[in-house]
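Just below is one structure, and these are the notes that go with it.
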Amino acid sequence: ATDLYKKTRSKNLCIAGGVGLNSVSNKIILDKTKFENIFIFPACSDAGIPFGLALWGYYNETRILGDFKKKKLEFRHAYTGKEYSDNYVRNVAKKYNIPYLKANLKKVAGFLADGKIVSWFQGGSEFGPRALGHRSIITDSRSPEMKATLNSRVKHRELFRPFAPSILLENVSEYFDIDRPSPYMLLIANVKKPKVTPATTHVDGTARVQTVTKKENGTFYDLIKEFQKITNVPCILNTSFNDAGEPIVETPEDALICFLGTKIDHLIIGNYIFSAPKVRNKQLLKRMKRDRENKILSERKRLLKKYFNGYNDEEREHFIEESNKMSEWYVKYKCKYELEKKIMEWIKHNKKILIIGTTEHTKILPRFINDFGLINVRGFINYPSTIEDKKEKLPYKKYSLKDIEKLDFDEVLASSFEHNFEIGELLQKHSIKKPIYLIYDNTSRNLLEILKDFPEFKSNL
């Protein structure tokens with residue numbers, strides 16, 4: 001960025017490509033270079049390429065569009081998805097006999113202030129990977145327990161992953177070290193009042209901020225304003241409306257299925273409120289999932305027939321099936337396969353291995369990873385040490401981090417999911433130059449989740 005500024009002397013910088021989703025680096029560029037303004041398109045990854053091509057064509061392609069005076073296009077917000085009418089929502093509720101009430105912003109803000117978990121579905125869905133107040137799960141940013149509550153009851157995701165604050169733009173500088181809009185949740189900022197908004201403050205004292213305005217965010221702004229009237233805090237917790245491993249919800253049916261399958265307290269779709277005690281029903285959830293699956297399969301057949309009629313049906317299905325298998329393997333099984341390959345190498349060369357990680361992830365390795373019991377394990381360091389971890393018994397001699405420089409070992413195995421990369425940084429701080437093997441990369445699911453599908457794992461839980 002510094003080099004670009006020297007070449008252009010422009011005060012404005014646009015960032016495109018998937019790396020633009022790295023909100024930490026975006027803020028560093030803003031703080032450390034002479035660029036005054038940074039713009040990152042909300043779908044700055046491959047998903048945004050069609051949009052960029054359409055813009056290029058609009059301004060440059062005269063052969064198809066002809067030569068005419070071009071309007072200045074303004075991208076006002078990221079809510080470009082399909083909208084669903086109140087009538088559509090009522091018909092879905094009627095079809096499945098689901099009771100609902102008319103929504104009221106003051107009432108919804110009251111739910112949030114009382115610590116309730118609310119799923120919020122409004123207008124068209126967001127363009128890009130961030131939930132920005134149209135397909136969001138929202139709750140009180142003031143609660144220190146809310147991260148753990150939200151993870152256990154709804155999101156079921158890794159504990160190290162933070163939740164974002166959505167804050168009124170006019171108040172952002174009061175709560176965060178940032179003096180400009182961040183409408184697409186693509187800038188990180190230091191938190192000025194971590195004790196006021198602990199649920200959205202990361203362990204390093206930062207937050208990935210979304211600024212909210214009446215012009216760009218409409219009803220979402222009004223809701224936060226109502227929350228501010230009750231609590232005197234203009235900031236709520238905002239995370240994507242989905243369960244772990246699921247895409248962000250798109251349709252009212254998706255919203256109801258996620259609502260029924262988790263422990264969300266209230267669901268707001270457009271102008272209607274659905275409340276858990278009146279709705280939650282396992283048979284209804286099964287029925288809705290079955291209907292959705294049939295609808296997806298029917299639509300898939302229609303699209304394949306319409307757009308792929310020149311292809312051999314058998315070859316096409318084989319290609320799709322194989323592609324799906326490859327994708328699943330990389331996400332779910334690659335880490336297990338690569339670990340077992342590494343174990344064979346360690347055994348062959350009689351490497352002395354020091355394990356650093358969580359007890360929860362370490363105890364499953366000798367039971368479910370091939371040949372793990374044949375490794376020459378010199379000891380185990382519990383990181384980070386918790387009360388739960390201390391209760392667990394492992395067949396390895398335990399050490400602490402202060403012992404690490406005295407221990408005799410050849411390589412380190414990081415037996416953690418949440419602190420996978422943190423352990424590598426930790427060893428650097430201790431000037432340990434021994435090789436470290438990380439089980440997971442940024443795309444992996446963790447072994448606890450992967451192995452639960454294996455019959456032998458279920459029987460040994």
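Everything numeric in this text was worked out from a predicted model, so none of it was measured. Note that these values count all heavy atoms, side chains included, but never hydrogens, waters or copies made by symmetry.
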Pairs flagged by salt bridge (Lys or Arg N to Asp or Glu O under 4.0 Å) wherever residues 17-35 is involved - sequence neighbours left out: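 Checked against salt bridge (Lys or Arg N to Asp or Glu O under 4.0 Å) - neighbours excluded - the pairs reaching residues 17-35 are K27-D31.
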
How would you list all residue pairs meeting salt bridge (Lys or Arg N to Asp or Glu O under 4.0 Å) that involve residues 166-179, not counting sequence neighbours?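 Sorted pair list: E170-K225, E174-K193.
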
What's the shortest heavy-atom distance between I264 and S119, and which atoms?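 Closest approach of I264 to S119: CG2-OG, 3.5 Å.
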
Locate the shortest heavy-atom distance separating Y383 from I423; write the atom from each residue and the value.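 The pair with the smallest heavy-atom distance is CD2-CG1, 3.9 Å.
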
Quick one: sort the Y79 and H134 rings into parallel, tilted or perpendicular, breaks at 30° and 60°.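 It falls in the parallel class, under 30°.
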
Parallel, tilted or perpendicular for F35 and Y5, by the 30°/60° rule?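 F35 and Y5: perpendicular rings.
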
Inter- and intrachain pairs under ring pair (Phe, Tyr, Trp, His ring centres under 6.0 Å), touching residues 226-271, at least two apart: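 Of all non-adjacent pairs touching residues 226-271, those that pass ring pair (Phe, Tyr, Trp, His ring centres under 6.0 Å) are F111-H266.
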
Out of curiosity, [X] [atom1] to [Y] [atom2], how far, rounded to the nearest 0.5 Å?
| X | Y | atom1 | atom2 | value |
| --- | --- | --- | --- | --- |
| Q210 | L186 | CD | CG | 10.0 Å |
| T443 | Y330 | OG1 | OH | 9.5 Å |
| S323 | H318 | OG | NE2 | 9.0 Å |

Between R90 and Y272, a side-chain donor and acceptor under 3.5 Å: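 Per modelled atom types, R90 and Y272 side chains form a pair under 3.5 Å.
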
Can you tell whether the side chains of D114 and K116 come within less than 4.0 Å, N to carboxylate O?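 Between K116 and D114 there is no salt bridge, as every charged N stays at least 4.0 Å from the carboxylate O atoms.
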
Side chain N217, main chain Y221, donor-acceptor under 3.5 Å: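 No; judged by distance alone, with no hydrogens or angles, the pair does not exist.
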
Under the 6.0 Å and 45° cation-pi test, does R130 pair with Y184?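 That pair does not qualify as a cation-pi contact.
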
